[in-house]
Amino acid sequence: MNSQLRRAISAALFGSLALGALVGCGEDSKNGADSKTVTLVTHDSFAASKAVLKEFTKETGYKVRVQAGGDAGAAVNQAILSKGHPQGDVFFGVDNTLLSRSLDNDLFTPYTAKGLDKVPAALQLDRAEHRVTPVDFGDICVNYDREYFADKKLAPPRTLEDLTKPAYKNLLVTENAATSSPGLGFLLATAAKYGDDGWKGYWKKLRANGVEVVDGWEQAYYDRFSGSAGGGKGDRPLVVSYASSPPAEVADAKTKPAKAPTGVATGTCFRQVEFAGLLNGAGNAKGGKALLDFLLSKRFQEDVPLNMYVNPAREDAKLPELFTRYGVRIADSATLAPQKIAKNREPWVKTWSSLVL
């Protein structure tokens, strides 16, 4: 699998990034001491092309300093701890599973970014106040090993309900919902599908059907999944990963195959949306607003897929051939209101742990 997707997923969601002279990682924001620098606080898996960031500097006069703060959860926690005296000007990487927490802690100053009219309403989860701007989205889905199912002359599963059928007994590996972002997303997909109480019964059936749980995505995808090109060829042909995993599997192939070696069970997905926002107390608010505009610009949006292996938020952003040829658009990915996630996340994970582990 493409190393950038591996880094993005293992970091959160979605090693630190060095972007030459334009970007310095881990430095203080200096809170406006340098009015020509705008500091982007983010998680370790943020990535952008050097040429694109140079365009931002050319257009606005601002250089971007990236300050990475671990995975998405750790970065949000740090932002909350430093609220009012932020480490930078813009925060990127809070997703819908963490959104209510950041908004309840008053992390962001409202700002309506240019280009927001090109973003579907379904991604604008703070439409009333515009405290955050949707930048990208991805789908956590069950992936399957095409070769395994072809050899067995067995149709791959398509839905959550399929995964509980005897034909797929002992075939699925997923991540721990308490320790892994994809694992949590898969739990949320079942809660969205079966409701506050029904998801428990579903997981009892899934456990009875032999689901395996491991700590994190790398272990699941590279050690236990049979379809990973870069893995150890495990014996589980079903794994919880991302809808963008198939194009990532062929990204580095010298000769591109007709199909990716992995497929996506499109009825098993949960949508993650990532946002950026202007931090309250930003030392360079003007530069921060310019950066938010740029993150939503068509130029940056079209740079997103091959750098972070997620989809651009703008509807008119063109996807690269790798995504259009090998990827799949999930039309009906499950979602939950951020407020509902915030209210239920901890009790759901605790109950899930007792049921499954």
Tell me the closest heavy-atom pair linking [X] and [Y], and the distance in Å.
| X | Y | value |
| --- | --- | --- |
| S226 | P237 | OG-CA, 3.3 Å |
| Y111 | T133 | O-OG1, 4.3 Å |
| A317 | Q301 | CB-CB, 3.9 Å |
| L295 | A276 | CD1-CB, 3.8 Å |
| S102 | V94 | OG-CG2, 3.8 Å |
| A220 | E175 | CB-OE2, 3.6 Å |

Any side-chain to backbone donor/acceptor pair from [X] onto [Y]? Under 3.5 Å, distance only.
| X | Y | answer |
| --- | --- | --- |
| E302 | K318 | yes |
| N209 | K165 | yes |
| T57 | L53 | yes |
| N143 | V239 | no |
| E249 | A229 | yes |

Tell me, do [X] and [Y] make a side-chain contact under 4.5 Å, heavy atoms counted?
| X | Y | answer |
| --- | --- | --- |
| D223 | S228 | no |
| D95 | E274 | yes |
| S241 | P182 | no |
| I341 | S100 | no |
| V76 | F91 | yes |
| L116 | P134 | yes |
| F294 | K114 | no |
| L123 | R314 | no |

Partners meeting salt bridge (charged side-chain N to carboxylate O under 4.0 Å, His left out) with [X] (sequence neighbours left out):
| X | result |
| --- | --- |
| D215 | none |
| D126 | R131 |
| R101 | none |
| K340 | D196 |

Spacing of [X] atom [atom1] and [Y] atom [atom2] [to the nearest 0.5 Å]:
| X | Y | atom1 | atom2 | answer |
| --- | --- | --- | --- | --- |
| I140 | L188 | CD1 | CG | 8.0 Å |
| Y202 | L187 | OH | CG | 11.0 Å |
| S45 | N307 | OG | CG | 11.5 Å |

side-chain hydrogen bond (donor to acceptor under 3.5 Å, both in side chains) against [X], all qualifying residues, sequence neighbours excluded:
| X | value |
| --- | --- |
| T190 | W203 |
| N176 | none |
| T159 | D162 |
| T109 | N280 |

Examine the side chains of [X] and [Y] and answer whether a donor and an acceptor come within less than 3.5 Å of each other.
| X | Y | result |
| --- | --- | --- |
| E59 | S297 | no |
| Y194 | E161 | yes |
| N284 | T39 | no |

Tell me whether [X] at atom [atom1] has more than 12 heavy atoms from other residues, nucleotides or ligands lying less than 6.0 Å away.
| X | atom1 | answer |
| --- | --- | --- |
| K350 | NZ | no |
| K169 | NZ | yes |
| K193 | NZ | no |

* To do: Could you pull out all residues at least two apart from A290 that satisfy side chain to side chain contact (heavy atoms under 4.5 Å, CB included)?
  => F56, T60, Y62
* Could you list the residues that satisfy side chain to side chain contact (heavy atoms under 4.5 Å, CB included) with R224, not counting sequence neighbours? => V173, E212, V214, D235, R236
* To do: Check the hydrophobic clustering (I, L, V, M, F, W, Y; side-chain heavy atoms under 4.5 Å; chains of links allowed) and say if V328 and V310 are grouped together.
  => no
* Asked: Going only through I, L, V, M, F, W and Y residues with side-chain contacts under 4.5 Å, is there a path from L160 to L355?
  -> yes
* **Derivation of the side chain to side chain contact (heavy atoms under 4.5 Å, CB included) call for Y222 and W217** => CA-CA 8 Å; Y222 289 110; W217 178 84; 3.5 Å; yes
* Output field: ring centroids Y242/Y309 closer than 6.0 Å -> no
* Asked: Going through the checks in order, is the side chain to side chain contact (heavy atoms under 4.5 Å, CB included) test met by H130 and Q124?
  -> CA-CA 8 Å; H130 299 299; Q124 297 186 42; 4.1 Å; yes
Show me, pair by pair, the donor-acceptor contacts under 3.5 angstrom made by side chains of residues 261-271, not counting sequence neighbours?
from : atom 1 : to   : atom 2 : distance (Å)
T268 : OG1    : V142 : N      : 3.0
T268 : OG1    : A265 : O      : 2.7
R271 : NE     : D139 : OD1    : 2.9
R271 : NH2    : D139 : OD1    : 3.3
R271 : NH2    : D139 : OD2    : 3.1
R271 : NH2    : I330 : O      : 2.9

* To do: Show your working on side chain to side chain contact (heavy atoms under 4.5 Å, CB included) between L99 and F275 and close with a plain yes or no.
  => CA-CA 8 Å; L99 182 59; F275 301 87; 4.0 Å; yes
* To do: Quick one: name the residues clustered hydrophobically with L81, using the 4.5 Å side-chain heavy-atom rule over I, L, V, M, F, W, Y, and just say none if it's on its own.
  => none
* Could you please spell out the steps behind the side chain to side chain contact (heavy atoms under 4.5 Å, CB included) verdict for F323 and N311? => CA-CA 9 Å; F323 270 58; N311 296 290; 3.9 Å; yes
